[in-house]
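Okay, structure first, notes after.
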Amino acid sequence: MQEEKLNSEHKKACANCGAELKFKPGSHQLKCEYCGYEEFIEQNKSSFEELELQHYLKVVGENAYTNTIDLLNCKHCGANQHVEENYKSLSCVYCGEPLIREDIEKEGWILPGALVPFQLDAKKARGIFKNWVSSIWFAPSNLKRAALDPEGLHGLYVPYWTFDANLYAAYQGQRGDYYYENRRVRTKNGYRNQRVQKTRWSQASGSVKGFVDDILINASQKKRRDIPSKIAFWDTNKLVTFNSKYLSGFVTEKYTISLKEGHHQSFQEAKHIAHNWIRRDIGGDTQRISHSDIKLSDETFKHILLPVYISSYRYNGKEYHFYINGQTGALSGTRPYSFWKIFFLVLFIIVIIAVIAIFAE
Ligand SMILES: [Zn+2]
Ligand SMILES: [Zn+2]
């Protein structure tokens, strides 16, 4: 097993005043919140490594750990969380359940190869929430309070697996070309010609090949929640080589979907891509694929971390969430409706209609 230096054990203290340094979103710097001291995060010039997949799956196996990490496991929702700095109080990013520092356990993990650093700071993220909350109708007043509560908003690095491979697929199928026939149909006023679409099928076979780049698989599996697909787009050209300094001030989640399981899911994605290529290769107006033999070679993977802001709160015993992409600022949220606000609006409309009806008499 590879011996990596434990980056995460390095203390990130301010050279000026000794306080804790935190990553400053949108930059490549650490910043002291007390005295303003800033420190550059040294950039690794070499591009980050793609790890050879078969080696990990067969030789090293499921327990392919290259590092250890301090983790807190949420008893309520099962999310594994790591916090870089010496936090005072802590609650689960996903469900708000309080976490106890004494429960920290050291666990092995495959050290991330790269990450997309946060571009938005918490203040900007809160501003986006605030605009959204004030723009929606019928939201209970507590919702506004929840969105504005600084304790309720956490920046989270979410784990993903990405896979690259050369894809080759041999296929058999049929190509369908449309043609039209006129048919006489009976109508109320006698007979009339109607144009009907038909398909002429012909045999097709061949092969497609190409490079499949960066199939992204979310590696965090919780009981109920997932990052909404609406915000799950990151510019992976902005990936930088992993450095634990970027984690300072944020929560990091450890993958709960194993490399093997992630690989299995990525094959389903690859199959989907292959079928699109095959359909294009067959051509015509419509296609049938009766058999396809898909082979992936030179497979590599990366473990990467992607930035998201999450706000979760409970209202009438139910959990609600907002998510903001920490790179693009895209937002997705669920929220309750206020019964009373809707009730009074409906009542108001009924009164207006009644008044109009009375005056119309
Ligand atoms: Zn300082
Ligand atoms: Zn939780």
Side-chain angles (χ1 to χ4, degrees), residues 1-13 20-23 51 56 60-118 122 151-162 217-227 241-262 301-312 319 321 323 326:
M1 199 186 291
Q2 206 178 339
E3 270 305 315
E4 290 263 356
K5 194 139 176 53
L6 298 184
N7 290 328
S8 44
E9 299 304 318
H10 290 171
K11 189 105 186 78
K12 294 158 194 87
E20 217 152 9
L21 293 175
K22 290 186 176 169
F23 170 61
L51 301 172
Y56 267 80
V60 194
E62 279 297 278
N63 301 322
Y65 304 143
T66 58
N67 203 337
T68 57
I69 185 173
D70 287 342
L71 281 181
L72 279 163
N73 182 265
C74 175
K75 306 268 182 297
H76 183 67
C77 76
N80 281 322
Q81 291 154 69
H82 166 80
V83 180
E84 196 71 11
E85 70 268 35
N86 299 319
Y87 33 84
K88 291 131 239 138
S89 65
L90 197 67
S91 57
C92 174
V93 168
Y94 284 97
C95 70
E97 183 84 0
L99 302 173
I100 302 148
R101 199 211 294 225
E102 279 64 43
D103 292 344
I104 285 185
E105 283 183 32
K106 275 206 186 301
E107 272 189 37
W109 74 335
I110 297 174
L111 195 72
L115 57 79
V116 171
F118 272 88
E151 292 299 308
L153 183 81
H154 298 273
L156 176 73
Y157 280 107
V158 186
Y160 278 78
W161 298 115
T162 83
I217 303 292
N218 187 337
S220 72
Q221 186 184 48
K222 289 154 298 290
K223 278 178 195 155
R224 285 181 300 274
R225 276 165 306 282
D226 216 343
I227 303 298
T241 304
F242 177 78
N243 185 326
S244 68
K245 285 176 179 168
Y246 287 107
L247 310 184
S248 191
F250 296 92
V251 180
T252 306
E253 187 182 356
K254 185 198 160 183
Y255 53 84
T256 39
I257 291 196
S258 69
L259 177 59
K260 196 171 164 187
E261 170 62 22
F301 77 96
K302 281 194 301 286
H303 169 209
I304 63 171
L305 300 173
L306 299 172
V308 174
Y309 280 102
I310 297 181
S311 171
S312 54
E319 276 173 31
H321 300 89
Y323 299 86

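Counting heavy atoms from C-beta outward, Phe242 and Leu247 have side chains that approach closer than 4.5 Å. Proximity of Pro117 to Phe23: side-chain heavy atoms (C-beta onward) are separated by under 4.5 Å at one or more points.
Judged purely by atom type and a 3.5 angstrom limit, Ser248 uses its side chain to pair as donor or acceptor with the backbone of Leu21. Remark: side-chain polar atoms of His82 are paired, donor with acceptor, to backbone N or O of Asp70 under 3.5 angstrom. Looking only at distances, a side-chain donor or acceptor of Gln81 sits under 3.5 Å from a matching main-chain atom of Val93. Side-chain N or O atoms of His303 include one that pairs as donor or acceptor with a backbone N or O of Ile110 at under 3.5 Å.
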Check: Yes or no on side-chain contact (heavy atoms from CB on, under 4.5 Å) for Tyr323 and Val158, after CA distance, side-chain angles and deciding distance?
Finding: CA-CA 12 Å; Tyr323 299 86; Val158 186; over 6 Å; no
Next item on the list: In sequence, state the C-alpha distance, the side-chain angles, and the governing distance for Lys302 and Trp161, and then conclude on side-chain contact (heavy atoms from CB on, under 4.5 Å).
Entry: CA-CA 6 Å; Lys302 281 194 301 286; Trp161 298 115; over 6 Å; no
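A distance of 5.5 Å separates CG in Leu72 from CG in Leu99, rounded to the nearest 0.5 Å. Between the OG atom of Ser244 and the CG atom of Leu305 there is a distance of 11.0 Å, given to the nearest 0.5 Å. A distance of 4.5 Å separates CG in Leu71 from CD in Glu107, rounded to the nearest 0.5 Å. Interatomic distance, OH of Tyr255 versus CD1 of Ile304, reported as 14.0 Å (0.5 Å rounding). Distance CG/Asn73 to CG/Asp103: 9.0 Å, rounded to 0.5 Å. To the nearest 0.5 Å, atoms CD1 (Ile69) and CH2 (Trp109) are separated by 3.5 Å.
A pairwise comparison of heavy atoms in Gly108 and Lys254 identifies O-NZ, 2.9 Å as the closest pair. Of all heavy-atom pairs spanning Cys74 and Cys77, the tightest one is SG-N, 3.3 Å. Of all the heavy atoms in Ser311 and Leu153, the pair that sits closest is CB-CD1, 4.0 Å.
Applying the ring-ring contact (aromatic ring centres under 6.0 Å, His included) test to Phe118 and every residue at least two apart in sequence or in another chain returns Tyr157, Phe250, Tyr309.
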